[in-house]
Each structure stands twice: as structure tokens, then as C-alpha cells.
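Notes follow once the structure below has been shown.
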There are 2 protein chains.
Amino acid sequence: MIDLGADGAARNSGGGLADDEIARAWAYLSRVAEPPCPALTDLVLRCGPVEAAARVRAGAVGAALLEHVQARRHIDCAAEDLDVLQRLGGRLVTMGDAEWPVLAFRAFDGAPQRLERMGSRAHPPLVLWVTGPVRLDEITARAAAIVGTRAATAYGEHVAADLAAGLVARDAAVVSGGAFGVDGAAHRAALAAGGPTVAVLAGGIDVPYPAGHTSLLRRIGEEGLVVSEYPPGERPARHRFLTRNRLVAALAGATVVVEAGARSGAANTAAWSRALGRPVCAVPGPVTSAASVGCHALLRAGAQLVTRAEDIVELIGRMGEFAPEEQRPTTVLDGLAEIEQRVYDALPARAARTADEIAVAAGLPATAILGPLAVLELSGLVTAHAGRWQRVRR
Amino acid sequence: MIDLGADGAARNSGGGLADDEIARAWAYLSRVAEPPCPALTDLVLRCGPVEAAARVRAGAVGAALLEHVQARRHIDCAAEDLDVLQRLGGRLVTMGDAEWPVLAFRAFDGAPQRLERMGSRAHPPLVLWVTGPVRLDEITARAAAIVGTRAATAYGEHVAADLAAGLVARDAAVVSGGAFGVDGAAHRAALAAGGPTVAVLAGGIDVPYPAGHTSLLRRIGEEGLVVSEYPPGERPARHRFLTRNRLVAALAGATVVVEAGARSGAANTAAWSRALGRPVCAVPGPVTSAASVGCHALLRAGAQLVTRAEDIVELIGRMGEFAPEEQRPTTVLDGLAEIEQRVYDALPARAARTADEIAVAAGLPATAILGPLAVLELSGLVTAHAGRWQRVRR
């Protein structure tokens, strides 16, 4: 594979190209076809971004690719786009960069039939427009997506926040879509816990969506990462949310759906996660809540039931990191064998009984109850006095 | 196999035995060994109840059985027990009776390793003490167990009642253990819906337990069935609840756990259901609720997630009875192909656009969008006027 980093592209193009020319090529390519466009990616892999941009601009590409770029190949606002990016303090992350999350996107090379069912979107992005002080490849090495309905209940927002804070406490990042409801609760809790969170947008990184999350997204861009495969100024559209969802799933080691109605974009993100071979998790909720219907459908379809951040960390965590057992209250009586239990039960709550009386009550021969009585006495559960046994009050 | 009905036993014993002598034999046998006692069942199968009772009374049985009957074989309060039964208007149901639920108990003949894990209790009962106007074999042919914690929340009681009423409305009976919490809510809702319900007790049918459910159990005995394998006067004991749970599971086509804490008898009933080869179901709840922890553990272990009575009826129902699909709200846009969706999205909410403008916005060649635009126009989603397309306001 050719080296597509800044200097690599320069080498491939014969040397002497300035970094900004390469950046302008990437920016042009990012806008010229609706992502993902695997034919365009193939061209870039063959001849580098500068040469690829030149050929596309000239229409000197095969018919299949031409169909995807024909409508926009005369539009070039790469310089303006890069100005916007610079003003935001952001960067273009591309295939050859050290920050490119190679491992996250390797899943797109997985089982073809599983991915084919997801339609023409089942390809990695060409470039990512990114703002934020965190490295994308590092953060995605240990991250979970927390997603769900915009119409979250108080329960859903509480659980989303709880899981997100728990992930951050365990050194994992929280990926989500920046939407109202579950997404917002997860982002906010991750920030509040002082941990990294990644918002993947369905429009340009300079187009805060929803508008009500403008300040939240600004904060994510300052402390975590705001990521998009769409160039600046592009508005989110219905089909772009579906395209975006694949990135949410791809950038996370597992996807957790906290609340989802019968129809929810979260189910689509979960489908991407499954298609990419990543664990799909769902949080159960009251069966009386419409906001949990989608989660229960996912659980029926084989999603993993999660109730705690530990459950998620086990799925995305380093090898050998397992969730601790949930604590179960126990009593001394739990340790008893069946026959000891039966003998103990045969004693009344307070009164003392002879061995024969105990034998009748237990339905056991008198010879068979002496052993169990001794065990119970050693366990401090019964006391013997003058040939009669009695329960120890607890 | 010998005929163990009233007259059958008479034939096997040489004829001339009165019905009440046979009944007294069953009653004696019911008390002489702590149930279940497969060695005693074997003896009765070999020589009938009257002869079996005589041999046990005389101690003329093998050493293995003698161990189980030695402590109580001199106790005979069969006549008094039958008096109590008669006063309650009840009956003894035994292996040879038409009412004996042969199909329900056939599960005990199932996979031995699955049952062996459940310990020495994995055997059918010898006799059942029953009050109520319903036939046990008929009611168990279409029944589900609704069980759960005594410490149910308002949510758990609501769901238990909702499922029980839904089962009754679908001609299915509700089996439970008569306890506070989930059990009581299920019984009550079944009665309120005018349907049959079965309470299986861990003590005698004349010992209402818990005492607070005395009037509820009386009503169940008048309109449904109260069932126990323990003779009158016997008090429930801890180990007897575990023994009783196997009957709850066996008398139902499926067991549904509505709410259960980390430690709950309901999990034991679910284990019996699984060991008997019957479906185990659990109702999800808030992950913030301690009363749902056991349900979530069961779901993780492979229990079926149920949210509606229809889900349960599908599991216990007659062949070919399937739950209707849950209704999903749909919009016209759902029926669109991916490319039509993309073209529709490329139109702004109100303004009209030329085909070229739409092509640029959609990132598709102009020739490729005319077909989708025609489909959208036919679907009533867009209108064309003077070479410009516009969304139809919905």
C-alpha cells in the first residue's frame, strides 16, 4: 500500500508539493462525492490525493466513479473549507496519518456478507474533519458508543450518564452522536467526569446540530473530539444520519443502546455495530416504557444485556479484563447441604426438641439426623442441652 | 403399568376394598415420607396403595425405602386428614385418576442429566391435595407460571397483574405460589379477569400461607385450584418451598419471572422450569431497581424476554399460535429506496429546486435523479412545477 501521509503523497506526485496543496486536494475530494465513495477511495489509493483530485476535476476517471463526482466536480471550495477548519483549530485526518484509526476501520474489511446487508454505505470514510485535543486513534482504542433516543426518559438519561461516568472512571472514552436525549446525557456525564468523549456529526463540524447543543458541542471540541466526514457548511440530512451511525459504531469497541423506541436511529447504529463484528449491548427498562421497546427488541435479537459500566468495559477492555461478579447477599443457611437444611427446618423457631421428634418432623430416620445436627451445632446454628436441640436465635 | 385408580387398586388388591380404605391408604402414604420419595412411588406402582401402605406400616420394605419412612411409619392420621379435606370440599388426586396431570409430570421423565443437577427433589409427587372447581389436568394443559419476589415494586405488581389478566383473556391459566408481591398480584388479577388460577402451597391446603393471604387463598380454592403435596396441618418450611417450586414449574407450560432480587425463590422456580425442558421467561425492568436484578441475570443466562401476555401465550399455546408482531409506526419515507431517500433529502424543507441543483445537493449525476424524482412525485412526496421540484408539506 502506498504511503498517503503528507510527505508520502508528495513523493508519489513527484516531490515539491506543499503541504497545503495536499490538504486542499483532500478537502476537494471530501466534498466532491457523497461519502462513502469506495471508487474514489480506490483512486486515491492508486495515485495519491493530489493526482486523484486533478483527475476528478478533469473528469478523467472511469465511468463508475464519474457518476459519483459528476454533479460536484466543478465545485472547489477547498481553500475556504480549510480556512473554516483553521479558524476552528481543527485538522483533517486522512488515511496515511498516524492518527487515522486503522484498527477501528479494519472492521470494514470483515465478513463481506455481513456488511453487504448494510447496503452501499458499508465502507470506511475517505477523510475526517476533526477538532479537539485528543488523538483519534488513541481514544478509539478503548471506547464505547452510548446511544439512544432523543426522546429519552429521566430513567434513560440517568442510566446514560451513569454508564458514561463509569466508563470514564475506567479509562474508556464515550462515543456518541451529539443528539438530544441519551447522546447528550452521555457526552455531558463523560465531560463532567473529566474524561474524553467523541461526538460524530452528520454535517460539517462548524454546523452544530442540534442547535440547542451548540455549547455542548463546543465543549466537546475543546476537551474531547468532534468528528465528521462532511466538509464544513454541510447540513445533516436524514440519510446522512444513517451514514454517520456507521462511524459511531466503527469508532467504538461496542455499542450500547440505552433507550430506543420502536423506531430509533439507535437501532441502526446497533445494526452497524453487529455488521462490523462488534458487540451490541442494550439496557433493559420497564416494559411499560415506550422508550425501552427498541432495547427489548435488541435483547430478543441477541444483544448483550448490560446494567453497569463494568459489563461494557469487559467487552471493550483489554484482554483478560472481566467484570467483577455482582455481589449477592448470602446467609449462613446457604452453605448447608440439603439434609442439614431439612433438619434445621424441622426445629421450631424457639422450642427444643429431642432427636426422635426432629426425625419425625424431618421425615428422616433418627440415625440419619445426628450427623446433620452435629454440623449445625458446629456452625453455631443449633445448641444441644440435655439431649434436646434448639435453634440459636440470630 | 397397573391401574391405580380407585377401582383399579381394588382389583389389584383382590377386590372388595371400599373407596375410603383406598383413600386412607393414599393419605397415609402422603404423610409417611417427605416428598418426593421415588422409592415409595415405585412400591405403590408395584403393588397398589393399600398393599403399599400395609407393607410400609409393617416395616416390610427394602432398606432404602425404610430409611425414608422409618421415622413416621407409626403415625397414622389418615382418617383425620381426610376429614379435614372433606370439610374443605377438597379431593385427593392420585396417579391413576383421570384428573392427574400426566402430561405436566411427564417432564420428570426427561433428560436425566438436566434433572439430576436439581438434586433429590427431581421427581413427580405421589399425591396432590386439591380444592377447587377446576380440573387440574385441563387447567395445566394451557397455563403459565407467573412468579417473583415477595418484595415486589409497584412496577412488578402492575406487570404481574397485566400479564395475568392478558393470559386469562387468552384462555390460559395462571399458576403461582400464593406469596406476597408478584404471586399475589398475578393470582388477584387472574381472579378479577374471571379466569382460573392455581396456587401451589408448600404446606397443607388447610394452612393458609402467608396468613395475610387467607382470604385470597380461600377465593382461589373456590374459583380456581389450591394444590399441595403435603397433608393437612403441615407447615411450610424453607426446604419445602424449594420442593414446591418444582410443582409450580411442572404445572405450567412456561415460567415467567416478573421481578426477582439477586436472591429469590423465583430463580429456583425458573431453574426447575429449565430442568423440566419448559421455557423460562423474564420481564426486564429498570437497571436501577434491585427487584429486577434477578430477571436481568436470567435474561443474561438465556431466558426469553417477555413484555406482553401474547409473548407468553406463544410459548405455551397450541401449535401454530404466534404472537402478533408488535406495531411499529411507519412513515411514507420508510418505503423509499436509498437513492430516493437521498434525492428527497437534497430538497430543502420549502423552497423549489431545479434538477441540476438537486443533483449537486445529492451528489448524484443529473441523469440519475430523474427516476427517483418521478417515484417521489408518484408517491405524493414532491410536486413539479415549471422545471422545479418542491417537497409536499405533510
Side-chain angles (χ1 to χ4, degrees), chain A residues 32-34 37 66-72 75 119-121 155 158-159 162 237-240 242 261-263 283-288 292-293 295-297 299-300 304-308 326-330 333-334 338 341-342 344-346 356 359-369, chain B residues 32-34 37 66-72 75 119-121 155 158-159 162 237-240 242 261-263 283-288 292-293 295-297 299-300 304-308 326-331 333-334 338 341-342 344-346 356 359-368:
Chain A
V32 77
E34 184 71 18
C37 180
L66 191 61
E67 180 161 330
H68 289 97
V69 298
Q70 184 61 34
R72 300 186 193 154
I75 301 172
S120 61
R121 294 185 177 93
Y155 167 69
H158 170 82
V159 174
D162 198 51
R238 194 177 149 104
H239 71 91
R240 284 180 174 169
L242 301 179
R263 291 176 50 79
V283 175
V287 299
T288 46
S292 288
V293 168
C295 289
H296 297 153
L299 289 171
R300 281 212 189 86
Q304 308 210 33
L305 188 150
V306 297
T307 63
R308 307 171 302 156
E326 287 187 81
Q327 296 199 342
R328 286 166 49 109
T330 55
L333 294 177
D334 291 321
E338 198 178 313
Q341 178 80 61
R342 193 159 144 189
Y344 183 84
D345 284 340
D356 283 342
V360 169
L364 291 166
T367 50
I369 65 165
Chain B
V32 78
E34 186 70 21
C37 181
L66 191 61
E67 181 162 327
H68 289 97
V69 298
Q70 184 63 31
R72 298 187 194 153
I75 301 172
S120 63
R121 295 185 177 92
Y155 166 70
H158 169 82
V159 174
D162 198 51
R238 196 177 149 103
H239 72 90
R240 285 181 173 167
L242 302 177
R263 291 177 50 79
V283 175
V287 298
T288 46
S292 287
V293 168
C295 289
H296 297 153
L299 290 170
R300 280 212 188 85
Q304 309 211 32
L305 188 149
V306 297
T307 62
R308 308 170 301 156
E326 287 188 82
Q327 296 198 342
R328 286 167 49 109
T330 56
T331 76
L333 295 177
D334 291 322
E338 198 177 311
Q341 178 81 58
R342 192 158 144 188
Y344 182 85
D345 284 340
D356 283 343
V360 168
L364 291 166
T367 50

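Bear in mind that the values here come from a model prediction, so they are computed numbers and not experimental data. Throughout, protein chains are lettered first and strands after them, A, B, ... in sequence-line order, and every chain is numbered starting at 1.
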With chain A as the partner, which of B:R240, B:R121, B:Q70, B:H158 has the greatest number of non-hydrogen pairs under 4.5 Å? B:R121
With a 4.5 angstrom heavy-atom cut-off, which part of A:E34 approaches chain B: side chain, backbone, both or neither? both
Atom OG1 of B:T307 and atom CG of A:L299: how far apart are they, to the nearest 0.5 Å? 11.0 Å
Part of A:S292 lying under 4.5 Å from any heavy atom of chain B: neither
Please flag which part of A:E67 lies under 4.5 Å from any non-hydrogen atom of chain B: side chain, backbone, both or neither. both
Option in A:A361, A:A362, A:P286 with maximal non-hydrogen atom pairs under 4.5 Å from chain B: A:P286
At a 4.5 Å cut-off on heavy atoms, which part of A:A366 comes close to chain B: side chain, backbone, both, or neither? neither
I'd like to know if the side chain of B:Y344 reaches the main chain of A:R238, judged simply by a donor and an acceptor atom lying under 3.5 Å from each other, with no hydrogens or angles considered. no
With a 4.5 angstrom heavy-atom cut-off, which part of A:V306 approaches chain B: side chain, backbone, both or neither? backbone
Residue part contacting chain B, namely of A:L242, when any heavy atom lies under 4.5 Å: neither
Please report the closest heavy-atom contact between B:A359 and A:A71, naming both atoms and the distance. O-CB, 3.5 Å
Side-chain donor/acceptor of B:D345 to backbone N/O of A:H239, under 3.5 Å: yes
Nearest heavy-atom pair of B:R342 and B:L364: which atoms, and what distance? NH2-CD2, 3.7 Å
Options B:H68, B:R72, B:Q304, ranked by heavy-atom pairs under 4.5 Å with chain A, top entry: B:R72
Chain A interface, residue from B:L66, B:T288, B:V283 that has the most non-hydrogen pairs under 4.5 Å: B:T288
Tell me, side chain or backbone of A:V159 under 4.5 Å from chain B's heavy atoms, or both, or neither? side chain
Walk me through whether A:I75 and A:V32 qualify under side chain to side chain contact (heavy atoms under 4.5 Å, CB included). CA-CA 7 Å; A:I75 301 172; A:V32 77; over 6 Å; no
At a heavy-atom separation under 4.5 Å, does A:H296 approach chain B through its side chain, its backbone, both, or neither? both
